[in-house]
Amino acid sequence: MDKDNKLPEIEKPTYTSDFSSDPEWRSDASESDTPQPVPSSEEPSKNAAFTVKSDKGGKKRSRLKNAKWLFDRKESTIMRFIDRTVSSLYDKTKNGAVGHFFTSYAKTERALKTSATFSFFGAASEFFRKRRSLKVKEHTVIDDTTGEVVAVVRDPASRKRPLIKRVISAVDNSVIVNAVRRFMSTLFYLPMSTYGALLLSLGITTILVQAARVFLLSGDLGISSVVIGVIYTLISMLTIFSGDASLAKYVCDSKIGSFILVSVFGVSKKTVDLGRSVKKYRFWAFIVGVSLGLLSAAVNAQSIFIGAVIAIFALGIATNPESGVILTTFALPFTSLIKNGELYLCIAVLYTVLVWVIKLIFGKRRAAFGAIEGWMTLFALFVIVTGLVSADRAQASRHALKLISAMLGFFAASGLLSTRAWFRKEINAVLLSGYIVSVVTVYQWIAGSIGVSWSLSEMAALNITSVFSSGEALALYLITVFFFALTGITSHEKKGGKFFSFLLAVISLFGILIISNVYVWVVLVSAIVFYSLIRSKKNAASVFGLLVLLLLVVSLVSDILPSVFSGVTGESFVERFEVMRTAGQMSGQYLISGIGLGEGVFDNAYASLATSDGVHSSDGGSLLTELLIRMGFMGVVFVAFAMILSYRQAFSTLKISASDTYAQRWTIASICSLTAMLLVSLVFYVWSDTSVALMFWTVTGLISASRRIALFENTGTSHESGPTIELPISSFRRSKR
């Protein structure tokens, strides 16, 4: 190359970091700006890389250079001020009493383990263990002739197993249990032709029964039953000629079947014996199909189908109770669409926990209880006592059952989802169901907006509830989904997962905005600020800068906002304040004892204090006042300490995970979702809807589960977790998962 046309030398720029690295918080090294080469002041030649092609482009670059003080993070006075403010806030919070308090959860567990209560139980267990020490029996051998002692013989010592273990072993090896196991195994390995015979007889019998109702009994034709019968018959045509291939082979080879078997129920394909063959039992399958078809004369065909589906899922949950948590989380938002949906949701949670407890007793699962699990157990007992001593015991027991069922979601999530595989399935269930709810929300808004000619005030007044019973419940759910989707953008390894999470975050955010609740919008902004503060200092500074710009814009259009918000808020805030005023008087009157969980007692007390006959409420208007009214001061203490322990768990997890780990990301998503729900609970009673209450405690349980995952992945710092309390019966016949 010609020396005259040589490119100019580029000076290497020097950069200084505004943020100090901190192993206890997120490192910002990966988020620092990439250094870009800067050309020297020497005039470049016509072949230089920095040649300005036109005067117009030069003026544009000149304008951008002059405005650099406004946009550049290092040269902008405003951004430098915000960066230093946020950095100072981080340092003071981390090194202050608040920071040490919220990152020392392990010390609490160690102190709890060495407390007098646990020392007493440990001493009692050691005492009884020594009492059960082996006793050696001796007997002497005497010579019959001389009468002398020939030898002293010691019988081999034998220890009797504890009664509970003998009972467990007897039940596990009983004839009934083994018969059920063989029956379930046979169903799984039956040929597809056998199921074809069952469906064929079931479909034809169902159609004939409906025809007999019309022509012989002059009854009404069940069109849905006929349609289901036709579907049974068509499917049987596809399966009856499938030969001797087993159901297990079709399930493992099918994508949908494999997804249900592996992704939902957690069954490993390695445990499936594809070469196994069993008897065909076609005759008995035909008889069972005819019996079920005749049953459709008295019971709806849809009910029979739903019952069969429920039985299949119940058997899957009995195999792996973790799948019960996954299925419950996925079905959670849709229970309000079903009659008695809250009851079915409570039954599903109770069944999942019951299977888990049975697995614990048989030693096929292990449970570790820390400080928060012990505190939640005491809170559950307190709820039971509150329901029993209430004046209206019938309704109080129903209310207590709903609360305890929701709280059991915490124990199920904390105990069963403490491995990365099951935790990932739980997150996928949240994202998938959240996508369906978000799409339905947007569809309802579009369908309702068409009829109001796209008027802003009328569109804002639309009552959008999607699949929930109220807009507040929908807002809480979408906020939770938004933070999990936001975290999924950086946590998914595949591009498809990242794109799906990004799309869900956009749709759920739009759904929150069209709910048209000003307080929910404020909560969302506050939770986003909290999310950015935890993620990194640079994100927090950027969000604060955006808020400053937003405040400037709002101040310029302040004359327009009142007319917009008047259509958004309406008279709902006036009614809400009236409810909260009356509830505040009730909480002050029943501060110590509370009035119990009965609904009738609440209605009478509310009517005696309300000043407006048109405004009535069935709850306290917020979580705080509801707890004070129903359970008194002790109820607030239980919930407050549970939330404090949850925050300490979360921030202790961030301290353990010094780098950007899987558990740390989802801990941030869970704690931000919980923060948003607590902020909304200041003006709404978020536990009035059982599905929302279950979501509240499930998210709290995910914080505990993610902490255990972090401890497992950071074995070098696992000593900070403190000792855990394990069920003594869980050591019996452990099995690996």
Side-chain angles (χ1 to χ4, degrees), residues 97-98 101-102 105 108 111-112 115-117 371-393 395-411 576-610 617-649 674-675 677-690 692-693 696-697 700:
V98 177
F101 175 79
F102 279 104
Y105 180 79
T108 302
L112 183 64
S115 62
T117 304
I372 187 171
E373 285 82 5
W375 186 259
M376 288 293 295
T377 303
L378 295 177
F379 184 30
L381 295 175
F382 177 75
V383 171
I384 295 175
V385 173
T386 305
L388 293 177
V389 300
S390 178
D392 191 356
R393 289 188 179 181
Q395 294 185 2
S397 300
R398 182 174 177 272
H399 197 163
L401 178 63
K402 291 171 57 178
L403 289 178
I404 292 176
S405 298
M407 293 168 61
L408 288 177
F410 163 80
F411 291 100
R576 177 62 56 182
F577 289 143
E578 173 63 22
V579 170
M580 294 181 67
R581 185 196 64 80
T582 307
Q585 293 181 358
M586 292 174 63
S587 61
Q589 187 172 348
Y590 304 99
L591 179 62
I592 304 300
S593 61
I595 63 174
L597 301 178
E599 301 297 334
V601 181
F602 182 93
D603 293 338
N604 295 331
Y606 187 92
S608 63
L609 296 175
S617 176
S618 60
D619 54 63
S622 70
L623 179 61
L624 178 62
T625 54
E626 177 72 12
L627 291 173
L628 286 173
I629 294 170
R630 302 283 187 178
M631 305 178 188
F633 179 72
M634 285 302 300
V636 177
V637 170
F638 273 111
V639 175
F641 269 86
M643 293 300 99
I644 290 174
L645 290 174
S646 297
Y647 276 87
R648 296 187 70 184
Q649 269 193 334
L674 181 62
T675 302
M677 285 188 279
L678 289 175
L679 291 175
V680 174
S681 66
L682 295 176
V683 295
F684 298 108
Y685 178 45
V686 296
W687 293 354
S688 58
D689 192 324
T690 304
V692 176
F696 181 94
W697 289 114
T700 309

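Quick caveat, the model's predicted, so the values are computed rather than measured. The figures that follow rest on heavy atoms only: side chains count, while hydrogens, waters and symmetry mates do not.
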Nearest 0.5 Å, what's the [atom1]-[atom2] distance between [X] and [Y]?
| X | Y | atom1 | atom2 | answer |
| --- | --- | --- | --- | --- |
| Ile644 | Ser646 | CD1 | OG | 10.0 Å |
| Thr386 | Leu627 | OG1 | CG | 10.5 Å |
| Phe379 | Ile372 | CZ | CD1 | 12.0 Å |
| Trp697 | Leu403 | CH2 | CG | 9.5 Å |
| Lys402 | Asp689 | NZ | CG | 8.0 Å |
| Leu645 | Met376 | CG | CE | 10.0 Å |

Check: [Y] and [X] side chains under 4.5 Å, non-hydrogen atoms:
| X | Y | result |
| --- | --- | --- |
| Phe638 | Val383 | no |
| Leu682 | Leu624 | no |
| Leu401 | Ser397 | no |

Q: Might you point out which heavy atoms bring Gly387 and Ala396 nearest each other, and give the distance in Å?
A: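 So the two residues come closest at O-CB, 3.6 Å.
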Q) What is the minimum heavy-atom distance between Glu373 and Phe411, and which atoms define it? A)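 Minimum heavy-atom separation between Glu373 and Phe411: O-CE2, 3.7 Å.
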Q: Measure up the Phe696 and Trp687 rings against each other and bin them: parallel (under 30°), tilted (30 to 60°), perpendicular (over 60°).
A: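 Perpendicular: the ring planes of Phe696 and Trp687 meet at over 60°.
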**Q.** Test side-chain hydrogen bond (donor to acceptor under 3.5 Å, both in side chains) applied to Thr675 and Tyr647, step by step
**A.** CA-CA 9 Å; Thr675 302; Tyr647 276 87; 2.6 Å; yes
